[in-house]
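The next block holds one structure in the form of C-alpha cells; read it before the comments.
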Number of protein chains: 2
Amino acid sequence: MADINLQEKSDGPESGATPLPDDPERRQALELIELLFFAYRDFISDPDEILSGYGFGRAHHRVVHFVGRNPGMRVAQLLEILRITKQSLGRVLRELIETDFVYQREGDRDRRQRLLYLTDKGIALMHDLQEPQIARVRRAIEQAGPEAERLYRDVLFHLIDAGDRANVELLISKADE
Amino acid sequence: MADINLQEKSDGPESGATPLPDDPERRQALELIELLFFAYRDFISDPDEILSGYGFGRAHHRVVHFVGRNPGMRVAQLLEILRITKQSLGRVLRELIETDFVYQREGDRDRRQRLLYLTDKGIALMHDLQEPQIARVRRAIEQAGPEAERLYRDVLFHLIDAGDRANVELLISKADE
DNA sequence: TAAAATATGTCAATATGGCTGACATAAATT
DNA sequence: AATTTATGTCAGCCATATTGACATATTTTA
C-alpha cells in the first residue's frame with residue numbers, strides 16, 4: 001500500500017469550515033464504516049485477479065458463486081440476490097453459458113423456468129475463486145479469537161436490511177444442503 | 001426482497017457433478033463470505049440513493065468521505081486508498097470541484113501538491129451520506145451484544161491485507177484528529 | 001377455452017467508472 | 001543542470017450497469 005501517511009494537517013487559514021461533531025460513538029461508527037470499506041476492498045482483490053485471467057469480471061464471479069452454491073436456482077432468484085436488472089445479467093449469463101461454465105435446464109414442474117447449474121468447469125472455477133476468500137476469512141476469525149465467528153456473523157447479519165434477513169438466512173443455510 | 005425461496009433442488013439426472021467437499025469449516029467460511037456480500041450490498045444502498053439525487057455515484061461518495069475525514073489530504077493518498085488510477089479519479093474530482101463540493105489548495109511546504117478539502121456544501125453532503133450508515137452500524141452493534149464492537153472490528157481488521165493493516169489503522173485513527 | 005399473468009430473453013441506446021498509454025507542467029531534490 | 005515527484009489531461013477502450021420496448025412460451029385464472 002505504498003505510503004498512505006497523511007501530511008500533518010496544517011489546518012491553516014480558511015480550513016474546511018464546520019468541524020465534525022466530536023461524538024465518540026459517532027467516531028467509533030465511522031471507524032467501523034471505513035474498516036468495512038478496506039476489508040471489502042481487499043476481500044474481492046483475490047478473486048478479481050483470478051477472474052481477469054478468464055476475461056471475466058465481478059459479475060461473472062457473483063453468478064458462478066451463487067449458482068454453484070444453489071444448483072438449480074432460477075434466473076429471477078439470481079436477479080433478486082444480485083439486485084441488478086435482467087438486461088445486465090443477460091450478457092454475463094450468456095457468456096458463462098457460451099464458454100461452458102454454466103448450463104440451463106427446463107424446470108420440471110414449470111417449463112418456462114430455465115434452472116441454472118454449473119458445469120464441471122464451472123465448479124472448478126468456483127473452487128478457485130473460493131479458495132483465497134475462505135483462507136482469508138479463516139485467518140481473520142482465528143486471529144480475532146474464539147468468540148469472533150459468532151459475533152462477526154451477528155453484526156453482519158444485522159447490517160442487512162431487516163426485511164431481507166429472513167430470506168438471506170434461508171438462502172445461506174439452504175445452500176449448505 | 002420479494003421472494004428468494006429456492007425451489008426444492010430436484011437434483012435430478014445429470015445434476016451439477018462433483019459435489020462440494022462437505023467440510024464444516026469450509027461451510028462456515030462460505031456463509032460468512034455470503035453474509036459479507038449481503039451486508040455490503042445493503043450497506044451502500046442508502047448512500048447510493050442519496051447520491052443519485054445529486055447525479056453522483058459511488059466514486060463521488062468515496063472521495064467526499066475520505067477527503068472529509070482527512071482534510072488536506074493529497075491526491076496521491078486518495079489514489080492509494082481507493083486503488084484506482086489517476087485518470088479515473090480525475091473526472092470525479094473535477095466534477096466535485098466544479099460543483100463546489102471540494103476545493104484544492106497549494107501545499108505550504110511543497111507547492112506541487114494540491115491539498116484537498118471539502119467546502120461547507122461538501123461537508124453537508126458528507127454528513128447526509130454518513131447518517132444512514134452510522135445508524136445502521138450502531139443498530140447492528142447494539143443488536144449483536146456488548147462484545148460485538150471489539151470483535152467485529154478485529155475480524156474486519158484481519159480481513160485486510162496484512163501489509164496494509166498498519167497504514168489503515170493510522171489512517172482511521174488519524175482521521176479522528 | 002380465452003384472457004391474463006409469469007418466466008425468460010432480446011434489441012437498442014445510454015451512463016458510469018474503471019482501464020492503458022502518452023504526454024505536459026511545475027516544483028523539489030540530487 | 002538533470003532527475004524525480006506531484007499532479008493534470010488527452011484519447012480511446014472495456015465492463016457493468018441502466019431504461020424502455022417488445023417477443024415467446026407457459027401457467028394460472030376468470
Side-chain angles (χ1 to χ4, degrees), chain A residues 2-7 41 44-45 47-49 51-64 67 72-99 102-116, chain B residues 2-7 41 44-45 47-49 51-64 67 72-99 102-116:
Chain A
D3 197 10
I4 220 178
N5 299 321
L6 294 169
Q7 137 160 358
R41 182 196 66 176
I44 51 175
S45 67
D48 274 356
E49 214 161 311
L51 290 159
S52 74
Y54 293 85
F56 290 157
R58 280 178 202 170
H60 301 83
H61 181 191
R62 294 192 281 264
V63 170
V64 167
V67 171
M73 89 187 309
R74 290 180 295 125
V75 172
Q77 291 159 348
L78 199 44
L79 291 176
E80 241 312 288
I81 290 172
L82 304 182
R83 295 270 165 90
I84 58 175
T85 60
K86 202 175 22 164
Q87 295 85 339
S88 295
L89 180 58
R91 186 184 28 83
V92 171
L93 206 46
R94 182 167 32 75
E95 286 169 3
L96 286 171
I97 291 170
E98 277 169 1
T99 51
V102 169
Y103 68 93
Q104 296 180 308
R105 272 176 50 208
E106 222 172 47
D108 279 340
R109 287 193 308 289
D110 187 336
R111 287 165 46 228
R112 290 171 305 181
Q113 297 176 348
R114 297 295 125 85
L115 307 185
L116 299 168
Chain B
D3 196 11
I4 221 177
N5 298 320
L6 293 170
Q7 135 160 0
R41 183 195 66 175
I44 50 176
S45 66
D48 273 357
E49 214 161 312
L51 290 158
S52 74
Y54 293 85
F56 290 158
R58 280 178 203 171
H60 301 83
H61 181 190
R62 294 192 280 264
V63 171
V64 166
V67 171
M73 87 187 310
R74 290 181 295 124
V75 172
Q77 292 159 346
L78 200 44
L79 290 176
E80 242 310 292
I81 291 173
L82 303 183
R83 295 271 166 87
I84 58 175
T85 60
K86 201 173 24 162
Q87 296 85 335
S88 295
L89 180 58
R91 185 176 27 81
V92 171
L93 206 47
R94 182 167 34 75
E95 285 169 4
L96 286 171
I97 291 170
E98 277 170 1
T99 51
V102 169
Y103 69 93
Q104 294 180 310
R105 272 176 51 207
E106 222 173 47
D108 279 340
R109 288 193 309 288
D110 187 336
R111 287 166 44 231
R112 290 172 304 182
Q113 298 176 345
R114 296 294 124 85
L115 307 185
L116 299 169

Worksheet item: Taking only N and O in the side chain of H60(A), is any of them less than 4.0 Å away from OP1 or OP2 of dT16(D)?
Response: yes
Practice prompt. Using whole Å, report how far CG of L93(B) lies from P of dG18(C).
Written response: 13 Å
Fill in: Gap between atoms CD1 and P, on I84(A) and dG17(C) respectively (whole Å)
17 Å
Worksheet item: How do R112(B) and F56(A) order along DNA chain D: which one's closest nucleotide is nearer the 5' end?
Response: R112(B)
Discussion item. Does a side-chain N or O of T85(B) approach OP1 or OP2 of dG18(C) to a distance below 4.0 Å, or not?
Written reply: no
Response to the item:
Rounded to whole Å, the CG-P distance (L82(B) to dG18(C)) equals 8 Å
Worksheet item: Has R105(B) got a side-chain N or O lying under 4.0 Å from the OP1 or OP2 atom of dT7(D)?
Response: no
Worksheet item: What does G90(B) touch in the nucleic acid at a heavy-atom separation under 4.0 angstrom: a base, only the sugar-phosphate, or nothing?
Response: nothing
Worksheet item: How about E49(A): does its CD atom have over 12 heavy atoms from other parts shown lying under 6.0 Å from it?
Response: no
Worksheet item: What's the verdict on side chain to side chain contact (heavy atoms under 4.5 Å, CB included) for T99(A) and F56(A), showing C-alpha distance, side-chain angles and the deciding distance?
Response: CA-CA 11 Å; T99(A) 51; F56(A) 290 157; 3.7 Å; yes
Fill in: Contact under 4.0 Å: R114(B) side-chain N or O vs dT7(D) OP1/OP2
no
Fill in: Separation of R62(B) CZ from I81(B) CD1 (nearest 0.5 Å)
12.0 Å
Practice prompt. Calculate the interatomic distance between Y54(A) atom OH and dA15(D) atom P; express it in whole Å.
Written response: 17 Å
Worksheet entry | Nearest-0.5 Å distance, CD of residue E106(B) to CD of residue Q113(B) | 10.0 Å
Practice prompt. Please determine if a side-chain N or O atom of S88(B) lies less than 4.0 Å away from the OP1 or OP2 oxygen of dG17(C).
Written response: no
Worksheet item: Hey, which of these two, A59(A) or Q87(B), hits DNA chain D nearer its 5' end, going by closest nucleotide?
Response: Q87(B)
Worksheet item: In Å and rounded to the nearest 0.5 Å, what is the CG to CE distance from L79(A) to M73(A)?
Response: 9.5 Å
Worksheet item: For the pair made of CG in L116(B) and C1' in dA6(D), what is the distance, rounded to whole Å?
Response: 12 Å
Response to the item:
Separation of dT4(D) atom P from D110(B) atom CG, nearest Å, is 17 Å
Item to complete: Using a heavy-atom cut-off of under 4.0 Å over every strand shown, decide if R94(B) touches base, sugar-phosphate, or nothing.
Response: nothing
Discussion item. Please report the distance, rounded to the nearest Å, between CZ in R111(A) and C1' in dG9(C).
Written reply: 17 Å
Practice prompt. Rounded off to whole Å, could you give me the CG-to-C1' distance for the D48(A) and dG18(C) pair?
Written response: 11 Å
Discussion item. Given dT16(D), dA7(C), dA6(D), identify the nucleotide with an atom nearest to the side chain of R91(A).
Written reply: dT16(D)
Discussion item. Please determine whether a side-chain nitrogen or oxygen atom of Q104(A) lies at a distance below 4.0 Å from atom OP1 or OP2 of dG9(C).
Written reply: yes
